[in-house]
Visitor: 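Quick one: this structure, given as structure tokens, is what I'll be asking you about.
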Amino acid sequence: MSTETVEVNAEGRNAPSAEETTAKTESGTSQEELLSPPQFILYLEGPEYAQTLRQLTLWTHHVLLSVYGREVTSTEPWCSRWWEHPEAVAQLHGLWLAWGELTGPGSGMCGPANWHRDYLGPVMGSLRDPMGPFAGCKPGTHRAKEKPPVDSMDPFGPPPPPPPPPSPHRRA
């Protein structure tokens, strides 16, 4: 029986070996990029956003929902197309980042308990609230949410130009 030690990264995958890290560095990715923390998903666009959403989806489906997913009810909704709800994507990404920091290698022994108390409960409570982002979604049915109306004027920008003076040919 082998007693080989395998390092695991924050996503629960095997950490790259020194050779793999060197290869990545030689392929144009700087060591700094390899070690920098991930950016919050709302700051990403294009392929970076798509790749991060894919990783988030894998974690959400295979870790979060397989362990913490509860039955869907009218008082605790869940949307099977959660990735189409920007608020859900943002909250789940934050939850995933906290998971990586608090349960990964090098995290303290209280990390998992802190993650459950400080992150899991509040995020799942917010997402599954009857008035939350999945309100109106039912099992097998996604309903896009309308954004609240916002006046087009920027309250902190320059004031709008005054209306034009009345035309002299116009009758009152």
Side-chain angles (χ1 to χ4, degrees), residues 1-73 75-135 137 139-140 142 144-145:
M1 180 174 188
S2 173
T3 59
E4 178 182 344
T5 303
V6 177
E7 289 187 43
V8 178
N9 64 16
E11 291 86 25
R13 295 189 211 109
N14 292 350
S17 66
E19 295 82 22
E20 290 170 321
T21 302
T22 304
K24 287 179 186 174
T25 305
E26 291 168 0
S27 71
T29 303
S30 72
Q31 188 73 14
E32 211 171 84
E33 288 175 297
L34 291 172
L35 300 176
S36 65
Q39 271 197 308
F40 186 52
I41 197 165
L42 295 183
Y43 298 134
L44 304 177
E45 295 178 325
E48 275 186 308
Y49 178 86
Q51 177 62 28
T52 301
L53 183 60
R54 171 146 173 68
Q55 291 172 322
L56 174 61
T57 300
L58 291 171
W59 178 81
T60 300
H61 292 182
H62 297 286
V63 177
L64 183 70
L65 294 177
S66 68
V67 176
Y68 304 103
R70 295 181 181 167
E71 186 175 355
V72 176
T73 67
T75 59
E76 288 193 274
W78 180 266
C79 184
S80 60
R81 291 170 34 190
W82 60 265
W83 55 89
E84 292 186 23
H85 296 272
E87 179 185 350
V89 169
Q91 288 200 47
L92 288 168
H93 190 254
L95 188 63
W96 178 44
L97 293 176
W99 164 271
E101 185 170 316
L102 293 170
T103 68
S107 62
M109 290 174 46
C110 292
N114 293 339
W115 181 80
H116 285 93
R117 180 194 66 211
D118 297 337
Y119 300 94
L120 177 66
V123 168
M124 293 303 277
S126 173
L127 290 176
R128 303 208 54 193
D129 185 277
M131 298 303 293
F134 304 141
C137 294
H142 165 75
K145 304 299 172 278

Visitor: Less than 4.5 Å apart, any side-chain heavy atom of Trp78 and any of Leu65?
Guide: yes
Visitor: Taking all non-hydrogen atoms of both residues, which atom of Pro77 and which atom of Cys137 are closest, and how far apart?
Guide: CB-O, 4.2 Å
Visitor: Can you find a heavy atom in the side chain of Phe134 that is under 4.5 Å from one in the side chain of Val72?
Guide: no
Visitor: Please tell me if the side chains of Ile41 and Leu97 come closer than 4.5 Å, counting only heavy atoms from C-beta onward.
Guide: no
Visitor: What distance separates Leu95 CG from Leu102 CG, expressed to the nearest 0.5 Å?
Guide: 10.0 Å
Visitor: So does Arg54 have more than 12 non-hydrogen atoms from other groups sitting under 6.0 Å from CZ?
Guide: no
Visitor: Step through it carefully: locate the ring centre of Trp115, locate the ring centre of Tyr68, and say whether they are under 6.0 Å apart.
Guide: yes
Visitor: In Å and rounded to the nearest 0.5 Å, what is the NE2 to CH2 distance from His142 to Trp82?
Guide: 12.5 Å
Visitor: Output side-chain donor-acceptor pairs under 3.5 Å for residues 43-53, partner residues at least two apart or in another chain, one line each.
Guide:
| from | atom 1 | to | atom 2 | distance (Å) |
| --- | --- | --- | --- | --- |
| Thr52 | OG1 | Glu48 | O | 2.9 |

Visitor: Given side chains that start at C-beta, do those of Met124 and Leu64 come closer than 4.5 Å, heavy atoms only?
Guide: yes
Visitor: For residues Phe40 and Ala90, report the shortest heavy-atom separation together with the two atoms involved.
Guide: CE1-O, 3.5 Å
Visitor: Quick one: which residue pairs count as a side chain to side chain donor-acceptor pair (under 3.5 Å) with a foot in residues 119-135, not counting sequence neighbours?
Guide: Gln91-Ser126
Visitor: Is Thr60 close to Trp96 at the side-chain level, that is, under 4.5 Å between some pair of heavy atoms?
Guide: no
Visitor: Can you tell me how far the CH2 atom of Trp83 sits from the NE2 atom of His85, to the nearest 0.5 Å?
Guide: 9.5 Å
Visitor: Of all residues at least two apart in sequence or in a different chain, which pass the salt bridge (Lys or Arg N to Asp or Glu O under 4.0 Å) check with Glu76?
Guide: none
